[in-house]
**Student:** 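Can you keep this structure in mind? I'll have questions shortly.
Computed over heavy atoms, backbone and side chain alike; hydrogens, waters and symmetry mates excluded. On a predicted model such as this, the values are computed, not experimentally measured, just so you know.
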Amino acid sequence: MEGLMRNRGGVLCGVSLSACGREETQAFSRDGSSHYSLSTGILPSLGARSNRRVKLRSFIVSPLDPRYRIWENFLVLLVVYNAWASPFEFGFLEKPKALLSITDNVINGFFAIDIVLTFFVAYLDKASYLLVDDRKKIAWRYTTSWFALDVISTIPSELAQKISPPHLRSYGLFNMLRLWRLRRVSALFSRLEKDRSYNYFWVRCAKLICVTVFAVHLAACFYYLIAARNHDPADTWIGESILQQGLWIRYVTSLYWSITTLTTVGYGDLHPVNVKEMLFDIFYMLFNLSLIAYLIGNMTNLVVHATRRTRKFRDTIHAASSFAQRNQLPPQLEDQMLAHLCLKFRTDSEGLQQQETLDSLPKAIRSSILHYLFYSVVDKVYLFRGISNDLLFQLVSEMKAEYFPPKEDVILQNEAPTDFYIFVTGAADVLALKNGNEQAVGVAKSGDLCGEIGVLCYRPQLFTVRTNRLSQLLRLNRTTFFNIIQSNVEDGTIIMNNLLQHLKDLRDPTMESVLIDAENMLAHGRLDLPLSLCFATLRGDDLMLSQLLRRGLDPNESDNSGRTPLHVAASKGSESCALLLLEYGADPNSRDSEGNVPLWEAIKGGYEPVVKLLAENGANLESGDVGQFSCTAAEQNNLDLLKEIGRYGGDVTLPKSNGTTALHVAVSEDNMEIVKFLLDRGADIDKPDIHGWTPRDLADQQGHEEIGVLFLSIKETETLPAIRSEPNLPPASHEGTVEAAFGQSRPRRRTSNFHNSLFGIMSAAHNGERDVLLSFNHNKTANKSFRARPAIRVVVSCPEVGDVEGRLMLLPENFQELLEMAHKKFGLTLLRVLSKNGAEIDNIEIIRDGDHLVFSSKEVKDDFADSNDKKVQ
């Protein structure tokens with residue numbers, strides 16, 4: 001019921017009826033309550049993704065708009081006039097009459113307007129039961145159906161008579177095409193038959209009377225036309241004397257003959273005389289005979305079959321109304337009964353037997369359909385956040401989709417908690433009974449839950465949930481829900497924790513009391529939800545934990561990631577839970593899938609009492625991934641955490657699974673303090689990781705000069721124990737002396753994460769920066785007893801052999817060795833050693849670290865420097 005309590009005291013806003021899947025007009029009773037109209041209601045499809053738009057596109061008219069309905073009813077009245085006038089003008093008039101002609105043209109103008117309007121009226125898709133408001137689809141549907149007949153039937157009779165062939169220029173012949181408009185009357189009667197506001201018996205009687213009168217009128221007009229167009233008026237059924245009478249007498253006489261013939265009475269006073277009349281009479285009576293036989297036989301069965309559901313529905317409505325009146329039920333409850341029966345009839349009888357269709361399918365197909373329709377909706381519900389996909393799929397497969405009309409109670413306050421519901425579409429008011437009156441405490445909308453508190457906390461429903469518009473809900477039975485949860489213990493604890501957290505977040509007095517009761521029931525194990533030790537430990541509830549342990553639950557049970565309750569207790573700093581678990585035999589050195597042990601969780605969280613408790617019970621860090629622990633501490637720049645690892649027996653120099661050591665991380669973070677600490681603990685500066693990078697390489701590559709000098713001094717000290725160091729550069733084997741050499745340790749800086757990463761290092765090497773970063777400015781006078789200037793790196797090149805980019809090399813001890821080395825590399829004699837600017841070099845003492853040397857046997861030109869590449873720094 002997320003969001004229900006946040007709207008306490010709020011005002012409920014009106015909702016557009018087109019958005020809730022029913023007609024936009026409502027029939028209001030005298031007391032102001034609304035009714036769901038069955039005749040034009042549009043039900044939303046299953047699932048939230050396929051609901052039609054709340055608002056149609058601009059300049060598109062809804063077929064359910066009340067103004068458009070008034071227009072349609074007005075056109076039906078005009079069609080009734082056309083049904084009388086068109087056969088009458090064809091049979092009894094030879095030329096236009098002023099009044100009839102003007103009336104016909106005015107009516108044709110109204111239908112011409114309707115033709116244009118139809119291009120902007122949305123239509124109901126029979127396959128999906130959704131309104132289509134695409135203009136192209138509307139136009140295509142209309143032009144490929146009855147558009148041509150509508151246009152032809154609106155052409156004025158006078159114009160049609162003039163453009164017709166001579167033998168077809170009879171006035172009124174073209175008007176017969178207007179009988180196509182009778183389809184509107186048929187659609188009107190279809191709606192009235194389903195509308196419970198009208199008596200079904202009288203609607204059917206009115207329809208039969210209209211059909212009979214039209215048939216009599218049409219036959220009379222045609223029969224009179226045969227007599228009137230005969231060359232000898234005396235030789236006709238009506239006689240010359242009657243033909244000379246007025247129009248009204250002739251029309252009534254024709255109707256008299258048509259009725260007596262249709263009913264097979266035939267008094268004999270009017271009968272066919274000439275052959276044409278006899279032939280027409282024969283066919284007319286045969287037609288009547290066939291029509292009656294067909295109506296009595298096949299049509300009767302079809303009508304009965306077609307109206308059986310409607311008749312049954314109306315009988316049900318009548319029975320429900322009688323029941324409500326006999327038992328003096330409140331009007332609101334009676335309206336809910338009738339609205340529910342109307343909605344049920346619509347879903348059952350008009351091709352929307354959705355639940356029946358799903359139930360008839362195999363379970364695998366049904367589950368796939370429900371997963372496609374509702375998985376995304378259920379996944380967003382607060383109660384199921386964090387649970388596994390497997391459990392969510394099982395829950396969705398067992399849910400039932402149901403429709404509820406407006407003003408219907410979904411849940412009643414204080415009723416037994418047997419089901420809970422998820423709103424897919426629609427909305428509902430959440431009501432609470434206070435001092436005998438219902439008060440709105442919130443609104444449930446799409447994605448909200450209702451009834452879950454009663455189901456999970458074993459208490460009567462707290463509120464009444466009443467829909468305020470047509471709503472689609474997913475219902476899940478309580479028994480089914482718990483059966484599924486029993487096999488998913490970990491997910492069950494997540495669901496219960498989500499509920500408790502939700503009750504806590506609502507910050508409502510009523511919900512707080514529910515929360516306290518639920519926690520007490522959990523503590524005493526009076527809930528059917530499968531609770532785990534991890535759940536109790538996570539909540540820090542030692543009472544619940546004790547109850548579960550006494551039941552015989554394994555204190556070393558683990559979740560999907562291998563974490564045990566002791567891991568959870570250590571990470572939360574819960575000393576009481578940790579002590580309780582240890583007393584019941586929990587393994588203090590259990591390891592999860594990531595290599596973490598309880599002792600590391602407590603050390604990382606800084607929970608000293610728990611650390612001490614675990615250490616006293618035999619916990620150690622060697623059982624876990626010590627390399628991972630050390631790297632984590634180095635990444636956090638936490639020297640104290642590294643010291644804690646060493647304090648409890650962890651070797652901070654060990655690598656993790658990919659070969660990375662804490663020294664690698666400390667170098668990348670440019671943390672001199674941690675680097676010196678790790679070196680004092682025996683960390684190897686030349687130990688490669690899985691990619692072949694050593695800490696020394698990282699220091700050179702990332703330009704950490706102080707760390708690079710420290711590594712260099714350490715390497716020289718290791719290889720040359722008797723080396724004479726300058727007074728200002730003591731050996732790097734002792735932490736204190738190194739600090740004295742470099743002064744007070746400067747504040748650490750964090751380098752760019754990109755350049756500290758493997759991709760940053762590789763990118764720097766690829767872009768030619770490697771040679772730049774490998775150059776160091778060493779003290780020229782250091783270590784003279786070993787060589788003149790140790791570890792001097794220079795770039796050498798020889799343009800004469802095509803080597804202009806240069807190669808990085810280590811400077812020899814004297815100038816002669818330098819010449820010999822260049823001769824071996826480039827094969828030249830009489831070499832000259834030049835600087836990049838063209839100056840000749842003849843003494844190795846003047847060569848500095850990072851210089852660019854050029855070997856050549858030719859004279860030096862002034863523009864020599866311009867022909868070489870830039871100096872590599």
Side-chain angles (χ1 to χ4, degrees), residues 16-19 21-26 37-45 51-86 102-157 159-160 174-195 207 210 214 350-351:
S16 173
L17 298 180
S18 62
R22 59 188 174 114
E23 67 172 317
E24 297 179 45
T25 58
Q26 282 187 348
S37 178
L38 175 73
S39 60
T40 56
I42 297 178
L43 293 173
S45 60
N51 288 334
R52 59 192 184 91
R53 296 179 181 86
V54 173
K55 186 177 181 180
L56 298 178
R57 299 183 183 182
S58 57
F59 301 105
I60 295 297
V61 180
S62 170
L64 310 177
D65 191 289
R67 294 167 293 181
Y68 183 74
R69 283 308 175 98
I70 294 175
W71 170 257
E72 280 191 323
N73 294 333
F74 172 69
L75 291 181
V76 169
L77 296 178
L78 301 183
V79 170
V80 173
Y81 168 79
N82 281 142
W84 174 83
S86 296
I102 294 174
T103 305
D104 287 344
N105 291 330
V106 171
I107 291 176
N108 288 337
F110 283 113
F111 281 101
I113 296 174
D114 184 69
I115 292 175
V116 178
L117 180 61
T118 305
F119 282 98
F120 299 93
V121 178
Y123 68 91
L124 184 64
D125 186 7
K126 298 300 182 182
S128 61
Y129 283 85
L130 303 178
L131 281 180
V132 178
D133 57 358
D134 189 300
R135 294 187 181 89
K136 293 183 179 179
K137 293 182 178 180
I138 295 173
W140 174 255
R141 178 176 180 267
Y142 184 41
T143 53
T144 55
S145 54
W146 54 84
F147 172 73
L149 290 173
D150 284 348
V151 172
I152 293 174
S153 62
T154 56
I155 298 176
S157 301
L159 178 60
F174 192 79
N175 293 358
M176 298 301 293
L177 294 177
R178 296 172 186 170
L179 296 179
W180 158 253
R181 300 169 181 170
L182 287 172
R183 74 184 191 280
R184 297 177 182 270
V185 181
S186 177
L188 174 63
F189 277 111
S190 296
R191 291 198 301 268
L192 293 178
E193 288 177 1
K194 298 183 180 68
D195 197 333
K207 182 177 181 180
C210 290
F214 176 72
E350 299 199 4

**Student:** Would you call the rings of Y81 and W84 parallel, tilted or perpendicular if under 30° counts as parallel and over 60° as perpendicular?
**Tutor:** tilted

**Student:** With side chains defined as the heavy atoms from C-beta onward, is the minimum distance between R181 and T154 less than 4.5 Å?
**Tutor:**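 Contact flag for R181/T154 side chains = yes.
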
**Student:** Between CZ of F189 and CD of E193, what distance do you get to the nearest 0.5 Å?
**Tutor:** 8.5 Å

**Student:** I want to check something: taking the side chain as every heavy atom from C-beta on, are P63 and L131 in contact at a cut-off of under 4.5 Å?
**Tutor:**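 Side-chain contact under 4.5 Å: yes.
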
**Student:** Hey, are the side chains of F214 and L179 touching, using non-hydrogen atoms and a 4.5 Å cut-off?
**Tutor:**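 Answer yes - side chains close enough.
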
**Student:** Rounded to the nearest 0.5 Å, what separates atom OG in S153 from atom CD1 in I115?
**Tutor:** 6.0 Å

**Student:** Compare all side-chain heavy atoms of I138 with those of F120 and state whether any distance is below 4.5 angstrom.
**Tutor:** no

**Student:** Check whether any side-chain heavy atom of W71 sits under 4.5 Å from a side-chain heavy atom of V121, and report yes or no.
**Tutor:** no

**Student:** Nearest 0.5 Å please: distance from the CG atom of D133 over to the OG atom of S62.
**Tutor:** 10.0 Å

**Student:** Can you measure from CZ (R191) to CZ (R69) and round to the nearest 0.5 angstrom?
**Tutor:**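 Reported value, rounded in 0.5 Å steps: 5.0 Å.
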
**Student:** Whether D134 and R141 form a salt bridge (side-chain N of Lys/Arg under 4.0 Å from carboxylate O of Asp/Glu) is what I want to check.
**Tutor:**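 Here R141 does not pair with D134 in a salt bridge, since their nearest N and O are not under 4.0 Å apart.
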
**Student:** Which atom names give the shortest non-hydrogen contact between P156 and N108, and what distance separates them?
**Tutor:** CA-ND2, 4.3 Å

**Student:** Any donor and acceptor pair, going by atom type alone, linking the side chain of T143 with main-chain N or O of W140 inside 3.5 Å?
**Tutor:**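 Flag set: sc T143 to bb W140 pair under 3.5 Å.
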
**Student:** Compute the centroid of each ring, for F119 and then for F147, and state whether the two points are separated by less than 6.0 Å.
**Tutor:** yes

**Student:** Report yes if some heavy atom in the side chain of R67 is under 4.5 Å from a heavy atom in the side chain of I70; otherwise report no.
**Tutor:**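 No, too far: nothing below the 4.5 Å cut-off.
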
**Student:** Do the side chains of R184 and D114 get close enough for a salt bridge, i.e. N-O under 4.0 angstrom?
**Tutor:**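 Judged by the 4.0 Å cut-off on N to carboxylate O distance, R184 and D114 do form a salt bridge.
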
**Student:** Could you tell me if the side chain of D150 sits less than 4.5 Å from the side chain of T118, heavy atoms only?
**Tutor:**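 In short, these two side chains do not touch, never coming nearer than 4.5 Å.
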
**Student:** Would you give the length of the straight line joining atom NZ of K207 to atom OG of S190, rounded to the nearest 0.5 angstrom?
**Tutor:** 5.5 Å

**Student:** Considering residues at least two apart in sequence or located in another chain, which fulfil the side chain to side chain contact (heavy atoms under 4.5 Å, CB included) criterion with L149?
**Tutor:** W180

**Student:** Between R178 and N82, is there a side-chain donor-acceptor contact under 3.5 Å, judged purely by atom types and distance?
**Tutor:** no

**Student:** Using the side-chain contact (heavy atoms from CB on, under 4.5 Å) rule, take N73 and L188 through it: C-alpha gap first, then chi angles, then the decisive distance, then the call.
**Tutor:** CA-CA 8 Å; N73 294 333; L188 174 63; 4.2 Å; yes

